[in-house]
Amino acid sequence: MPTPALITANELAALLKQDNGNILLVDCSYVLADPAAGARIYSEGHIPGAVHADLGTLLSQPSNGANGRHPLPDPQAFAQGMEKLGVSDNSRVIAYDAEDSMFAARLWWLLHWIGHDSVQVLNGGLRAWVEAGGECSTAAPQPERGSLTVRPQSRPTVGYADVLANVESRERLVIDARAADRFRGENETLDPVGGHIPGALNRPFKENLDAQGRFKTAEVLREEFQALLGNKPAQQIIHQCGSGVSACHNLLAMEVAGLTGSTLYAGSWSEWCHQPDAPVARD
């Protein structure tokens, strides 16, 4: 039976009480505008026993200036980094962050990408844990090294050339997870060029959440995404954002909705806008 994509704070608390040693909590807290802040947030308080996975050093590889701000890590290097955090083939990974699950969703997608499917995102993140009465700790555990196998990649990706060709063919539908103003080319503070990929539609990732910061129900998400996708099946959808992070939030939301098989353009806008032949739309 497939592992559900989400787990509630109450479910997690019950799970930890009966833990048989294979549960690994991973705090993915990070701040895009302040890369050092994630480790600081973690040190100030996290779910007891959680380790920290940093977007800039573990969940991405270094950028060369033209391949996006958060390029996908090398699969083997990523697996080795997760091993250092204690992840093994039999681990059930619970990912969360201190904000809106954007960074936790990136870890969720990456683990599926290397073939480790026993991974869930804590619905509502650290806030939900605290609101449910969960305690926090400042102690950093020292996990034993795990053993994690890299299996055939089960989550499809596309590169710049594929997305450029699709601008002409429109065979697939591109969904942009950035905020509406950045999609329109306004208030761009992270990338040197504002705008979006021609033909893309906008689904700001925060629309996947309710007022409490938890994912909307599967039924609501399915209705909203199907209204956006029209007659395009999930397998013909390419997700992108600024740097391939919040796009994973839309991928997770579609998984919750039962709409599986979509593709990630990992370089996203931060790669696209550095290409000399890339067309740009602003509307």
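Note: the hydrophobic cluster containing Val130 does not contain Leu6 (ILVMFWY, side chain heavy atoms under 4.5 Å, direct or indirect links). Hydrophobic clustering places Ile114 together with Val93 (ILVMFWY residues linked when any side-chain heavy atoms are closer than 4.5 Å, directly or through intermediates). Transitive grouping of hydrophobic side chains (ILVMFWY, heavy atoms separated by less than 4.5 Å) keeps Ile41 and Leu58 in distinct clusters. In the hydrophobic cluster analysis, where Ile, Leu, Val, Met, Phe, Trp and Tyr join through side-chain heavy atoms closer than 4.5 angstrom, Leu264 is grouped together with Leu228. Hydrophobic cluster membership is shared by Leu252 and Leu229, with clusters built from Ile, Leu, Val, Met, Phe, Trp and Tyr side chains linked at under 4.5 angstrom.
The shortest distance between side-chain heavy atoms of Val51 and His46 does not fall below 4.5 Å. Side-chain contact between Asp176 and Ile197: absent, with no pair of heavy atoms (C-beta onward) separated by less than 4.5 Å. For the pair Lys84 and Arg145, the minimum side-chain heavy-atom distance is below 4.5 Å. Within the 4.5 Å cutoff, the side chain of Thr3 has no heavy atoms near those of the Val119 side chain. Within the 4.5 Å cutoff, the side chain of Trp129 has heavy atoms near those of the Leu12 side chain. Residues Asp97 and Val121 fail the side-chain proximity criterion, which asks for heavy atoms closer than 4.5 Å. Proximity of Gln240 to Glu271: side-chain heavy atoms (C-beta onward) are nowhere separated by under 4.5 Å. The shortest side-chain heavy-atom distance between Glu168 and Asn166 does not fall under the 4.5 Å cut-off.
Of the possible donor and acceptor atoms, one in the side chain of His116 sits under 3.5 Å from a partner among the backbone N and O of Ser91. Counting only distance, with no hydrogens or angles, the side chain of Gln235 and the backbone of Thr260 share a donor-acceptor pair below 3.5 Å. Gln120 places no side-chain N or O within 3.5 Å of a backbone atom of Ala5 that could act as its donor or acceptor partner. Side-chain atoms of Thr263 do not come within 3.5 Å of backbone N or O of Ile238 as any donor-acceptor pair. With Arg222 contributing its side chain and Ala257 its backbone, the two residues share a donor-acceptor pair below 3.5 Å. At distances below 3.5 Å, at least one donor-acceptor pair connects side-chain atoms of Asp89 with backbone N or O atoms of Thr149. One N or O on the side chain of Asn123 and one on the backbone of Phe215 form a donor-acceptor pair closer than 3.5 Å. Using modelled atom types, no side-chain atom of Ser60 and backbone atom of Thr57 make a donor-acceptor pair closer than 3.5 Å. Side-chain atoms of Arg106 come within 3.5 Å of backbone N or O of Leu59 as a donor-acceptor pair. Remark: the backbone N or O of Val174 is not paired with any side-chain donor or acceptor of Tyr265 at under 3.5 angstrom.
Residues satisfying the salt bridge (Lys or Arg N to Asp or Glu O under 4.0 Å) criterion with Glu255, sequence neighbours excluded, are Arg155. The salt bridge (Lys or Arg N to Asp or Glu O under 4.0 Å) search around Asp54 returns none, not counting sequence neighbours. Every residue was checked against the side-chain hydrogen bond (donor to acceptor under 3.5 Å, both in side chains) condition with His274, not counting sequence neighbours, and none meets it.
Inspection of the His196 and Asn202 side chains reveals no N or O donor paired with an N or O acceptor under 3.5 Å. With hydrogens and angles left out, the side-chain atoms of Gln212 and Arg127 include no donor and acceptor closer than 3.5 Å. Between the side chains of Ser88 and Asn90, no donor N or O sits under 3.5 Å from an acceptor N or O. Side-chain contact check for His70 and Ser243: at least one donor-acceptor pair (N or O, by modelled atom type) lies under 3.5 Å.
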Go through the steps to decide whether Tyr30 and His52 satisfy the test ring pair (Phe, Tyr, Trp, His ring centres under 6.0 Å), and finish with yes or no. CA-CA 10 Å; Tyr30 192 82; His52 184 245; 8.2 Å; no
Would Arg40 and Asp34 count as a salt bridge (charged side-chain N to carboxylate O under 4.0 Å, His left out) if you check the C-alpha gap in whole Å, the side-chain angles of each, and the deciding distance to 0.1 Å? CA-CA 10 Å; Arg40 187 167 63 248; Asp34 182 6; 2.9 Å; yes
Report the C-alpha distance between Asp191 and Arg69 in whole Å, list the side-chain angles of each, state the deciding distance to 0.1 Å, and finish with yes or no for salt bridge (charged side-chain N to carboxylate O under 4.0 Å, His left out). CA-CA 9 Å; Asp191 294 307; Arg69 283 182 281 108; 2.8 Å; yes
Assess the residue pair Arg178 and Glu188 against the criterion (salt bridge (charged side-chain N to carboxylate O under 4.0 Å, His left out)); give the C-alpha distance rounded to whole Å, side-chain angles, the decisive distance to 0.1 Å, and a yes or no. CA-CA 11 Å; Arg178 293 176 299 162; Glu188 181 59 69; 3.6 Å; yes
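Taking the six-membered ring where the residue is Trp, His112 and Trp108 present perpendicular rings, their angle passing 60° and hence far from 30°. The aromatic rings of Phe225 and His239 sit perpendicular to each other, their planes meeting at more than 60°, with 30° as the lower class boundary.
Nearest heavy-atom pair across Asn250 and Ala177 is ND2-CB, 3.4 Å. Smallest separation of non-hydrogen atoms from Ser63 and Pro71: CA-CG, 4.0 Å. Nearest heavy atoms, Pro75 versus Trp113: CG-CH2, 3.6 Å.
The 12-atom threshold is exceeded at CD of Gln275, counting heavy atoms of other residues, nucleotides or ligands nearer than 6.0 Å.
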